[in-house]
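Structure first, commentary second.
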Amino acid sequence: NATMPIRPSARVERDHRTAGPTGRSPRRAGTLGSVNDDRPTWHRVPTPVGPSRWLLDAAQEPDDDGFIAVGADLEPSTLVAAYRRGLFPMPLGRRRIGWFSPDPRGVIPIDGLRVTRSLRRSVDRYEVTIDRSFREVMTACGDPGRPHGWINSEFISAYTRLHELGWAHSFESRTPDGRLVGGLYGVRIGAFFAGESMFSIERDASKVALVALVEAMRSADMQLLDCQWLTPHLASLGAIAIPRSDYLDRLARATMQVDL
């Protein structure tokens with residue numbers, strides 16, 4: 001068993017799990033079709049969460065699934081400190097929290113998102129809102145009917161709290177009558193955004209939310225969009241895999257000026 005240094009003293013053991021990630025003429029993203037950014041939460045300075053009481057150690061080598069250790073909690077200070085160290089949580093069974101840091105790491109270059117003609121037409125069909133329906137987006141992403149679903153009520157409550165403090169955000173795709181049909185959510189720390197999950201109940205709705213996210217990041221001069229693992233679906237949108245060491249270097253630069 002491997003241990004993660006944490007405070008107060010509590011064991012964090014390596015868990016040998018098998019559940020890993022499951023989850024023509026392309027053009028780069030340009031100006032968005034319709035984004036209703038009438039809420040200031042994306043631009044607001046987050047409420048400081050203070051230092052974490054856990055010493056989260058990203059120096060350990062992950063296993064083949066990107067798994068590092070198990071333990072700690074989902075308090076805002078823990079989550080922010082973990083993301084800043086290249087770690088993200090997933091539930092292990094009913095009660096335990098696993099921490100992951102895959103090698104290689106999936107990222108979407110800010111200037112490399114692929115927007116096909118078909119997707120560009122979809123951009124014009126939806127309105128994108130920011131931070132209007134965070135809990136609803138996360139709940140939809142955690143629909144137990146989805147294959148490989150992992151988002152439970154504990155995670156929804158923890159990230160909703162993080163959202164209320166200004167650290168977590170959602171991008172929502174809506175029909176012209178305002179119906180929520182797709183979206184994504186994740187965590188922002190300075191010039192870094194960790195994309196957590198996305199959902200879609202109408203064609204390309206989650207992809208349109210991603211286009212809006214990338215445009216918002218470009219407008220804010222952000223540097224790093226994390227997508228955790230590289231999947232064929234994300235690769236089709238321009239995602240690439242980079243060595244974990246490179247990712248951690250980029251992450252440190254993107255978050256270095258953030259006051260916790």
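These numbers come from the heavy atoms of this one structure, side chains and all, not from hydrogens, waters or symmetry mates.
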* Could you walk me through whether Leu87 and Ile68 pass side chain to side chain contact (heavy atoms under 4.5 Å, CB included), step by step? => CA-CA 8 Å; Leu87 302 168; Ile68 293 284; 3.9 Å; yes
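- With a 4.5 Å cut-off on side-chain heavy atoms, Pro62 and Arg244 count as touching.
- Taking OG of Ser77 as the reference point, atom CG of Leu165 lies at 10.0 Å (rounded to 0.5 Å).
- Side-chain contact annotation: Arg125 with Ser122, donor-acceptor N/O pair under 3.5 Å present.
- Taking the side chain as every heavy atom from C-beta outward, Pro76 and Arg161 approach each other to under 4.5 Å.
- With Thr78 contributing its side chain and Leu74 its backbone, the two residues share no donor-acceptor pair below 3.5 Å.
- The backbone N or O of Trp42 sits less than 3.5 Å from a side-chain atom of Arg188, completing a donor-acceptor pair.
- Distance alone, capped at 3.5 Å, places no donor-acceptor pair between the Trp150 side chain and the Leu92 backbone.
- Of the possible polar contacts, none joining the Asp226 side chain to the Val107 backbone as a donor-acceptor pair under 3.5 Å is found.
- Within the 4.5 Å cutoff, the side chain of Val123 has no heavy atoms near those of the Asp204 side chain.
- Side-chain contact check for Tyr247 versus Pro102: every heavy-atom pair is 4.5 Å or farther apart.
- The two atoms that bring Pro91 and Asn152 nearest to each other are CB-ND2, 3.6 Å, heavy atoms only.
- Closest approach of Thr160 and Ile156 over heavy atoms only: OG1-O, 2.7 Å.
- Using a 4.5 Å cut-off on side-chain heavy atoms (C-beta onward), Leu210 and Ile108 make contact.
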* Take Arg253 and Asp249, measure what side chain to side chain contact (heavy atoms under 4.5 Å, CB included) needs, and give me the verdict at the end. => CA-CA 7 Å; Arg253 291 193 297 270; Asp249 287 343; 3.9 Å; yes
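- Across Cys227 and Ala239, no two heavy atoms sit closer than the pair SG-CB, 4.0 Å.
- Here the straight-line distance linking atom CZ of Phe199 with atom CD of Glu172 works out to 8.5 Å at 0.5 Å rounding.
- Note on Glu202 versus Arg179: salt bridge recorded, some NZ/NE/NH1/NH2 to OD/OE distance being below 4.0 Å.
- Residue Phe134 is tested with Trp167, Phe171, Tyr185, Tyr159 for a ring pair (Phe, Tyr, Trp, His ring centres under 6.0 Å); the sole match is Tyr185.
- The backbone N or O of Leu230 lies less than 3.5 Å from no partner atom in the side chain of His233, so there is not a single donor-acceptor pair.
- For the atom pair Arg84 CZ and Leu56 CG, the distance stands at 13.0 Å (nearest 0.5 Å).
- Looking at heavy atoms from C-beta onward, Glu196 lies out of side-chain contact with Cys141 at the 4.5 angstrom threshold.
- Here Asp246 pairs with Arg250 in a salt bridge; the nearest charged N to carboxylate O distance falls below 4.0 Å.
- Atom CD in Glu61 sits 14.5 Å away from atom CZ in Phe67 (nearest 0.5 Å).
- With a 4.5 Å cut-off on side-chain heavy atoms, Leu225 and Leu113 do not count as touching.
- Classification of the Phe100-Phe88 ring pair by plane angle, with boundaries at 30° and 60°, yields parallel.
- For Ser101 (side chain) and Gly86 (main-chain N/O), a donor-acceptor pair under 3.5 Å exists by modelled atom type.
- In plain terms, the two heavy atoms of Gly238 and Pro109 that are nearest each other are O-CD, 3.4 Å.
- Distance CZ/Arg114 to OG/Ser236: 8.0 Å, rounded to 0.5 Å.
- Distance check, rounded to the nearest 0.5 Å: CZ of Arg85 to CH2 of Trp99 gives 11.0 Å.
- The heavy-atom pair separating Trp54 from Asp73 by the smallest distance is NE1-OD2, 2.8 Å.
- The number of heavy-atom neighbours closer than 6.0 Å to CZ of Arg203, taken from other residues, nucleotides and ligands shown, is 12 or below.
- Counting heavy atoms from C-beta outward, Ser173 and Val128 have side chains that approach closer than 4.5 Å.
- Residues Met217 and Leu224 approach most closely at CE-O, 3.4 Å, considering heavy atoms.
- Under a hydrophobic clustering in which Ile, Leu, Val, Met, Phe, Trp and Tyr are joined whenever their side-chain heavy atoms come within less than 4.5 Å, directly or via other members, Ile151 and Ile201 fall into the same cluster.
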